[in-house]
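Values in this document were obtained by computation on a predicted structure and should not be read as measured data. In listed order, ligands and their atoms are each counted from 1.
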Amino acid sequence: MPTIHQAVLIPGDGIGPAVSAAVLKILKAANAPVAFHEHHAGIAALEAGGEVLPQSTIDAVREHHVALKGPCTTPVGKGFTSVNVQLRKKLDLYAAIRPVRSLPGVPTRYEDVDLVIFRENTEGLYAGVENEITSGVVTSLKIATRTACTRIAEQAFKYAKKRGRKKVTVFHKANILKLSDGLFLDCVKEVHESEFSEIPYETQIIDAGCMKLVQDPTQFDLLLMENLYGDVISDLTAGLVGGLGVVPGSNIGVEDSIFEAVHGSAPDIAGQGIANPLALLMSGVMMLNHLAETRKDDRCLKAANAIKNAYNQALQDNQKTRDLGGTLGTDAFADAVIERLA
Ligand code: ATP
């Protein structure tokens, strides 16, 4: 009996359940050898009468090691701490890897964007250590540790070496944040010099880096940075290739990995059947490639390639959702991809 890989599905909230359902339908049609166990987090978990991040959801990811996750809303201001941030911290998913590529049939200002964002996922200002010292005065601690800065640098250079990326650029603000971003820079430099000196490496102050990114993104390749900068730059670079509907991501730890789109729960379009499922679908393809590599299973690779060819073909045939200038709804786009599965 051939192995069926077990994975967790966290549909999330907002547009999450709709894009998750579309992606599951495509994975099934592509004969991806994966069985999903559904667990809740965020508002969906609260509505099901549980905790915002149920222990059973964390345990399920620990058991199966791989999860596909829809977005979970993070309320602004008071309310619960971001479920996304909590999950990454609890499971120590220290590396967010987000490929940002131009797509066929999706015309944008630039044609050949091919970037990878490496975002440190567990500390920085997103450590969530905030205090009101006295009325009207608050502090938010930015945490940087040698361990976390070094391991994200190691992952980034390993990835660059394995995939033949041309250059690693660190975005930072060490001219102002001399200790925290200074430590990040020191760690990256040490990793580069000790193990990866053959890979071209440069540093870039992030504000000037943003200007250069929008002037000509093709001058960059792999971008490495701490948590908050990575969050912002992910959305900025998404805008270079068609928007948040087309940028996938993975959150990788030592044991466990969660694959999720860069976008949030998009409450402005939730429930309308118009969300683009492509970013989560591409995250699903990343998950299949991860399974193919870690479990040595060519069926996962085959399904991943078939889905990738099918969505590229659908886009080229002008089968697009509204965010990309098309007219299709979430389900109709999923059907257009399924029709093109070889
Ligand atoms: P968060 O801070 O929770 O990550 P965000 O800042 O990434 O959220 P989103 O919720 O992703 O914000 O939405 C930003 C904008 O992008 C919204 O106008 C939303 O409608 C649009 N958007 C996001 N994802 C999609 C999608 N899959 N399809 C179509 N439009 C989307």
Open item on the list: Centroid separation under 6.0 Å, is that true for the rings of His290 and Phe259?
Closed with: yes
- [ ] Would you please indicate yes or no on a ring centroid separation below 6.0 angstrom for Phe184 and Tyr229?
- [x] no
- [ ] Closest by any non-hydrogen atom to atom 19 (C) of ligand 1: pick that one out of Val262, Asp268, Val247.
- [x] Asp268
Open item on the list: Could you check whether Glu226 pairs with Lys142 (Lys NZ or Arg NE/NH1/NH2 to Asp/Glu carboxylate O, under 4.0 Å)?
Closed with: yes
Task: Asp221/Arg165 ion pair, N-O < 4.0 Å - done: yes
Task: Within-cutoff protein neighbour (heavy atom, under 4.0 Å) for atom 21 (C) of ligand 1 - done: no
- [ ] Ignoring hydrogens, tell whether any protein atom lies closer than 4.0 Å to atom 27 (N) of ligand 1; use the non-hydrogen atoms only.
- [x] yes
Open item on the list: Could you tell me, atom by atom, which parts of ligand 1 come under 4.0 Å of a heavy atom of Asp235?
Closed with: 6 (O), 7 (O)
- [ ] Using a strict cut-off of 4.0 Å, indicate which atoms of ligand 1 neighbour a heavy atom of Ile15.
- [x] 26 (C), 27 (N)
Open item on the list: Please check this pair: side chain of Arg299 against backbone of Asn31, looking for a donor-acceptor N/O pair closer than 3.5 Å.
Closed with: no
Task: Side-chain heavy-atom pair Ser20, Leu68 within 4.5 angstrom cut-off - done: no
Task: Whether His192 and Tyr201 hold their rings parallel, tilted or perpendicular, with breakpoints at 30° and 60° - done: tilted
Can you report which non-hydrogen protein atom sits closest to [atom], along with the distance?
atom                    : value
atom 9 (P) of ligand 1  : Gly264 N, 3.5 Å
atom 31 (C) of ligand 1 : Ile269 CD1, 4.0 Å
atom 14 (C) of ligand 1 : Leu244 CD1, 3.7 Å

Task: Rounded distance (nearest 0.5 Å) linking atom OG of Ser257 with atom CD1 of Ile252 - done: 3.5 Å
Open item on the list: With nothing but distance in play, are any N or O atoms of Asn276 less than 3.5 Å from an N or O of ligand 1?
Closed with: yes
Open item on the list: Is there a polar contact, in the sense of an N or O pair closer than 3.5 Å, between Ala266 and ligand 1?
Closed with: yes
Task: Test item, Ser265 contacting ligand 1 (heavy atom, 4.0 angstrom) - done: yes
